[in-house]
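Everything below concerns the one structure shown next.
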Amino acid sequence: MNPEPLELELARMHAIVERCGEGLLVIQNDQIVFANNRATELLQTSREEMMTQGYLLRVHPQDRPWIEERRRHRLAGLDVPNRYEMRALMANGDIRWLDIGVTMIPWGKAPATLTFFSDVTERKQAHTELQRASVEREAILNNALVGIVLSVDRHNQWVNDKFAEMMGYSRDELTGVSSAMLHADKEVWVQLGREQRKALIATSTSSSVRQLKRKDNTLFWVHMEGKCLRKNDPEAGVIWTFLDITERLKAEQDTRDALDQQKELNTLRSRFVAMTSHEFRTPLSTILTS
């Protein structure tokens with residue numbers, strides 16, 4: 001092969017490696033034998049320092065044990081993950097998260113590893129913040145005084161602790177199942193679905209008072225309200241809230257029964273007074289006439 005094309009090819013390869021968006025390191029015998037410019041930028045150090053200090057130069061002290069163990073296993077031919085995340089400790093004390101990929105390559109007469117990495121600190125922080133917010137949100141929802149359910153196609157995707165307690169099931173037993181199991185009458189459930197879907201499409205909300213069936217088959221009354229996750233689109237999912245109103249309805253019925261009894265007593269009292277007055281007036285009229 002003509003030397004000139006080989007030199008051109010090497011120059012092109014060198015340009016590609018140096019302009020690569022990821023840091024590239026070649027590690028052999030626990031030493032860094034090659035580092036591209038991006039690697040020095042990400043690790044905030046010079047190529048000379050990396051060559052003399054070794055591959056653990058920026059590895060966080062708490063991550064070093066498992067990084068070293070994984071490297072030993074890889075060189076021994078054992079199966080270890082080739083993709084992972086680790087912390088890098090910068091010279092100024094900052095901690096950066098790196099997404100690492102490692103593969104074995106030939107390098108001279110000894111085996112070596114090619115390590116490519118990128119800084120994912122912002123993504124990691126965003127993920128951590130999302131997890132924190134998710135935990136906080138779930139804690140709030142689980143401590144709510146009403147049952148809460150996320151439903152898609154009338155199947156429970158998520159339920160809070162209150163709803164599980166209300167129904168007498170565990171959360172796992174209620175997740176992923178059709179809401180039909182919570183209704184005493186299948187036909188009523190089907191008709192309810194039609195009514196709710198019509199309301200959700202029209203106004204994004206639905207409200208009704210229904211009877212539900214617990215795990216032990218006892219029935220109780222709830223006031224249920226739904227709101228579409230996406231406006232006027234129940235297919236995208238609906239958040240439902242459930243309030244047990246059994247005692248309230250019982251109290252209202254007891255009040256109505258008491259009022260009916262009071263009305264009946266008043267009617268009887270009026271009849272008694274009228275009858276008594278009549279009985280007294282009849283002999284008095286006779287006496288007066290005589």
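- For W66 and Y84, the gap between ring centers is short of 6.0 Å.
- Distance check: R96 CZ to E122 CD gives 5.0 Å after rounding to the nearest 0.5 Å.
- Looking at heavy atoms from C-beta onward, D63 lies out of side-chain contact with P61 at the 4.5 angstrom threshold.
- Contact annotation: the side chain of R38 never approaches that of E22 to less than 4.5 Å [non-hydrogen atoms, C-beta and beyond].
- Under the side-chain contact (heavy atoms from CB on, under 4.5 Å) test applied with N142, the options D161, V159, I148 reduce to a single match, D161.
- Taking the charged nitrogens against the carboxylate oxygens, E69 and R64 have no contact shorter than 4.0 Å, which rules out a salt bridge.
- With R214 as the partner, the side chain to side chain donor-acceptor pair (under 3.5 Å) test is satisfied by one option alone out of N217, T218, D216: T218.
- A cation-pi arrangement is present between R154 and W189 under the rule of less than 6.0 angstrom and at most 45 degrees off the ring axis.
- In this structure, N232 and I201 approach most closely via the heavy-atom pair ND2-O, 3.0 Å.
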*In sequence, state the C-alpha distance, the side-chain angles, and the governing distance for S207 and H223, and then conclude on side chain to side chain donor-acceptor pair (under 3.5 Å).*
CA-CA 7 Å; S207 179; H223 178 251; 3.0 Å; yes

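- Looking at S206 and W240, their side chains come closer than 4.5 Å, going by heavy atoms from C-beta outward.
- Ion pairing between R197 and E235 holds under the 4.0 Å rule for side-chain N and carboxylate O.
- For the pair V238 and L200, the minimum side-chain heavy-atom distance is below 4.5 Å.
- Put simply, CG on L89 and CZ on R58 are 7.5 Å apart, with the number rounded to the nearest 0.5 Å.
- Ion pairing between a basic and an acidic side chain is recognised when a charged N comes within 4.0 Å of a carboxylate O; E129 and K124 show no such pairing.
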Residues 23-35 side chain polar contacts: donor-acceptor under 3.5 Å, at least two apart:
unit_1, atom_1, unit_2, atom_2, d
Q28, NE2, W107, O, 2.7
Q28, NE2, A110, O, 2.9
D30, OD1, R71, NE, 3.2

*Yes or no on side chain to side chain contact (heavy atoms under 4.5 Å, CB included) for V177 and H155, after CA distance, side-chain angles and deciding distance?*
CA-CA 5 Å; V177 300; H155 282 67; 5.7 Å; no

